[in-house]
Amino acid sequence: MTKNILIINGPNLNMLGTREPEIYGSQTLSDIEKLCKAVADSLSLNLEFCQSNMEGKMVQIIQDCRDKKDVIIINAGAYTHTSIAIRDALISTGLPIIEVHMSNVFKREEFRHQSYISDIAEGVICGFGAQVYTMALNAARKIV
Ligand code: DHK
């Protein structure tokens, strides 16, 4: 049966393309979505791709994954480093989680080294730009 994957993006990731391109590259979120859809198709995965700047909206989207998705891939943006609510929502789904970051957060400010998601994730991929999303899709294919 086809597996269902959610890729959820947090705050400011809608600004990709113009936002600090030296860190995040020049691709827009829509470019990345198209790339992910193509890779998901090639892996026979059913993909939903979304973004929100709002923590509560992200919590709701994550809660709604229960019994509907098989893996959640999340780039929670800055909420990675602050949000116990998103952590608790991810745990409540009981689903495998893959955490991604486009930048290598460990080469950056110390506050980005802390994550409320890493210790509940199957794995963490960071530092390879837009490719982290396609790497995560390949990893998702292997764990479900
Ligand atoms: C994206 C963000 O918006 C930051 O707040 C994180 C992450 C890093 C990324 O690298 O994709 O610290």
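Order of listing sets the numbers, starting from 1, for every ligand and every atom in it. FYI, the numbering just counts along the sequence from 1.
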Review point. Looking at ligand 1, does any of its N/O atoms fall within less than 3.5 Å of an N/O of Ala78?
Key: yes
Check your understanding: Among the heavy atoms of Tyr24, does any lie under 4.0 Å from an atom of ligand 1?
Key -> yes
Exercise for review: Please test Asp70 against Arg141 for salt bridge (Lys or Arg N to Asp or Glu O under 4.0 Å), starting from the C-alpha separation and ending with a verdict.
Suggested key: CA-CA 10 Å; Asp70 298 293; Arg141 190 75 197 86; over 6 Å; no
Check your understanding: Does one side chain, of Glu48 or Asn46, offer a donor that lies under 3.5 Å from an acceptor on the other?
Key -> no
Review point. Contact between Asn75 and ligand 1, counting heavy atoms under 4.0 Å?
Key: yes
Practice item. Only one of Asn4, Leu95, Val71 passes side-chain contact (heavy atoms from CB on, under 4.5 Å) with Cys65; say which it is. Key: Leu95
Review point. Should the heavy atoms of other residues, nucleotides or ligands under 6.0 Å from CD of Glu110 be counted, would the total exceed 12?
Key: no
Point to revise | Under 3.5 Å donor-acceptor, Glu99 side chain and Ser118 backbone | key: yes
**Study point:** ligand 1 N/O within reach of Asn12 N/O, cut-off under 3.5 Å
**Key:** no
Point to revise | Option with minimal heavy-atom separation from atom 4 (C) of ligand 1, where the choices are Glu109, His101, Arg112, Gln114 | key: Arg112
Exercise for review: Report, in ascending order of atom number, the atoms of ligand 1 lying under 4.0 Å from any heavy atom of Val105.
Suggested key: 8 (C)
Review point. Less than 3.5 Å between some nitrogen or oxygen of Ser103 and one of ligand 1, yes or no?
Key: yes
Check your understanding: Nearest to atom 12 (O) of ligand 1 by heavy atom, Met102, Glu20, His81: which?
Key -> His81
Review point. Looking just at side-chain N and O atoms, do Asn12 and Tyr24 make a donor-acceptor pair shorter than 3.5 Å?
Key: no
Practice item. Mark the output for Arg19 as yes if a heavy-atom distance to ligand 1 is under 4.0 Å, and as no if none is. Key: yes
Review point. So if you build clusters from Ile, Leu, Val, Met, Phe, Trp, Tyr with side-chain heavy-atom gaps below 4.5 Å, do Met135 and Ile8 land together?
Key: no
